[in-house]
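Below is one structure, written out as structure tokens; comments come after it.
Starting from 1, each residue takes its place in the sequence as its number. Everything numeric in this text was worked out from a predicted model, so none of it was measured.
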Amino acid sequence: MVMLTKRHGWVVPEYDRVCLDIVLAECADLFVMTKYCKQFRTAIQAGANVGIWPTKMSEIFKKVYTVEPDATNFAALKENISHIPNIDFRQAAFGKEDGTGSIDDILPGNIGAYQVKEGQDFKIIKMDSLGVTDCDLLQLDVEGFEQFALEGGVETIKASYPVIALELKGLGMRYGCPDQHTHGWLSELGYRFVEKIHNDSIFIKD
């Protein structure tokens with residue numbers, strides 16, 4: 001049974017001991033990311049966790065798309081954001097190709113440290129399947145799966161060249177994708193690194 005509770009005004013999985021406080025502190029980083037945005041039409045975000053980041057984005061952007069693969073996090077997310085009309089949320093992960101996956105709980109008690117592994121518990125979808133052509137901010141915090149999410153969203157990126165914020169802290173090595181590879185991949189698309197705040201690296205295309 002999914003056990004949820006309410007802390008600091010947010011519905012969260014009862015067993016979380018770490019993530020909520022970190023996210024509440026770091027969501028202020030959104031204002032650093034958005035200072036590089038020229039328009040505020042659409043934001044795409046992953047992983048949604050319990051919905052704090054997409055909620056804050058919905059106050060700035062006309063439309064927000066977000067995904068969260070973990071079933072318990074998603075149950076909390078629905079409680080927190082289902083009343084917000086400009087958020088499109090799905091239980092899924094972004095990847096290079098459509099498929100399925102499962103959660104690897106690498107740090108029990110921390111609902112923000114889940115990683116994608118092989119399995120059939122949720123859908124993996126290409127970001128491009130959203131059909132978004134006016135993205136102004138793309139923010140990914142997917143515990144090492146960032147490169148695959150980017151590759152499945154290359155047409156979305158090329159359509160509007162959004163500001164891109166990625167949590168890059170070496171976790172991509174699990175999947176054979178060091179941070180340097182992602183930096184190089186973005187450089188080939190014309191992006192340059194401009195700033196780092198906490199673990200988030202911000203890239204823009206001039």
Side-chain angles (χ1 to χ4, degrees), residues 19 23 29 33 42-49 51 53-54 57 64-74 77 88-107 110-133 135-193 196 198-205:
C19 184
V23 174
D29 296 353
M33 300 171 189
T42 299
I44 299 176
Q45 193 274 336
N49 197 257
W53 276 91
M57 289 178 175
V64 177
Y65 291 86
T66 191
V67 294
E68 168 56 46
D70 178 70
T72 307
N73 280 355
F74 188 75
L77 179 146
D88 180 303
F89 60 95
R90 310 169 190 215
Q91 186 184 354
F94 289 140
K96 183 177 180 179
E97 302 290 346
D98 292 339
T100 61
S102 292
I103 289 295
D104 193 359
D105 185 0
I106 61 170
L107 291 174
N110 182 354
I111 61 169
Y114 296 147
Q115 291 185 307
V116 175
K117 65 178 182 179
E118 291 184 2
Q120 298 183 344
D121 294 321
F122 54 81
K123 291 182 178 180
I124 295 176
I125 64 173
K126 295 175 66 174
M127 192 190 307
D128 286 341
S129 69
L130 300 176
V132 174
T133 59
C135 182
D136 294 309
L137 175 66
L138 171 59
Q139 188 258 348
L140 303 176
D141 179 357
V142 290
E143 302 302 301
F145 218 63
E146 284 81 5
Q147 182 63 41
F148 301 106
L150 290 171
E151 290 180 21
V154 66
E155 297 306 320
T156 302
I157 294 170
K158 289 180 178 179
S160 55
Y161 290 105
V163 174
I164 297 178
L166 307 174
E167 187 185 57
L168 297 177
K169 54 182 181 180
L171 295 179
M173 288 298 295
R174 170 178 179 154
Y175 308 102
C177 293
D179 293 349
Q180 296 92 328
H181 175 77
T182 299
H183 276 261
W185 189 87
L186 288 169
S187 179
E188 290 179 3
L189 286 179
Y191 277 86
R192 63 181 176 91
F193 169 80
K196 186 162 187 172
H198 294 107
N199 288 316
D200 289 313
S201 296
I202 303 171
F203 302 83
I204 64 170
K205 186 176 186 301

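Taking each heavy atom of Gly119 and Ser102 in turn, the nearest pair found is CA-OG, 3.1 Å. Smallest separation of non-hydrogen atoms from Asn73 and Ile111: ND2-O, 3.0 Å. For the pair Asn110 and Cys19, the tightest heavy-atom approach, listed with the atom from each and the gap, is OD1-CB, 3.4 Å. For the pair Ile103 and Lys117, the tightest heavy-atom approach, listed with the atom from each and the gap, is O-CE, 3.3 Å. Closest non-hydrogen pair, Ala113 versus Glu143, comes out as CA-OE1, 3.9 Å. Summarising the geometry of Met33 relative to Ala165, their closest heavy-atom pair is SD-CB, 3.6 Å, with the distance given to 0.1 Å.
In this structure, Tyr65 contributes its side chain and Thr42 its backbone to no donor-acceptor pair below 3.5 Å. Checking side-chain atoms of Asp128 against main-chain N and O of Glu155 turns up a donor-acceptor pair under 3.5 Å. Of the possible donor and acceptor atoms, none in the side chain of Gln147 sits under 3.5 Å from a partner among the backbone N and O of Ala149. Using modelled atom types, one side-chain atom of Glu146 and one backbone atom of Gly144 make a donor-acceptor pair closer than 3.5 Å. For Asn49 (side chain) and Glu68 (main-chain N/O), no donor-acceptor pair under 3.5 Å exists by modelled atom type. For the pair Ser160 (side chain) and Asp136 (backbone), a donor-acceptor distance under 3.5 Å is absent.
Donor-acceptor pairing under 3.5 Å is recorded for the side chains of Gln45 and Thr66.
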- Message: Working note: Leu189 + Lys158, criterion side-chain contact (heavy atoms from CB on, under 4.5 Å); need CA distance, chi angles, decisive distance, verdict.
- Response: CA-CA 8 Å; Leu189 286 179; Lys158 289 180 178 179; 3.7 Å; yes

- Message: Pair Phe94, Ile124 - check side-chain contact (heavy atoms from CB on, under 4.5 Å), show working.
- Response: CA-CA 6 Å; Phe94 289 140; Ile124 295 176; over 6 Å; no

- Take Trp185 and Val154 through the test side-chain contact (heavy atoms from CB on, under 4.5 Å) and record every step on the way to the result. CA-CA 11 Å; Trp185 189 87; Val154 66; 4.2 Å; yes

- Item | Verdict with supporting geometry, Tyr161 and Tyr191, side-chain contact (heavy atoms from CB on, under 4.5 Å) | CA-CA 9 Å; Tyr161 290 105; Tyr191 277 86; 3.7 Å; yes

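Ring orientation note: the planes of Phe193 and Phe203 are nearly perpendicular, at an angle over 60° on the 30°/60° scale. Under the 30°/60° scheme for interplanar angles, the aromatic rings of Tyr175 and Phe148 are found to stand perpendicular.
Rounding to the nearest 0.5 angstrom, the gap separating the CG atom in Leu168 from the CD atom in Gln180 is 9.5 Å. Atoms CG and OH, on Asp105 and Tyr114 in that order, are 5.0 Å from each other to the nearest 0.5 Å. The distance from the CG atom of Asp29 to the CD atom of Glu167 is 10.5 Å, given to the nearest 0.5 Å. Asn199 contributes atom CG, which lies 8.5 Å from atom CG of Leu171 (distance to the nearest 0.5 angstrom). Rounding to the nearest 0.5 angstrom, the gap separating the NZ atom in Lys169 from the CG atom in Asp200 is 9.5 Å. Rounded to the nearest 0.5 Å, atoms CZ (Arg192) and CD1 (Ile204) are 4.0 Å apart.
Residues Gln139 and Met57 form a side-chain contact, since some pair of their non-hydrogen atoms from C-beta on lies under 4.5 Å apart.
Applying side chain to side chain contact (heavy atoms under 4.5 Å, CB included) to Met127 and the options Val67, Leu138, Leu150, Val132 leaves one that passes, Leu138.
Remark: Lys96 NZ is loosely packed, at most 12 non-hydrogen atoms of other residues, nucleotides or ligands lying under 6.0 Å away.
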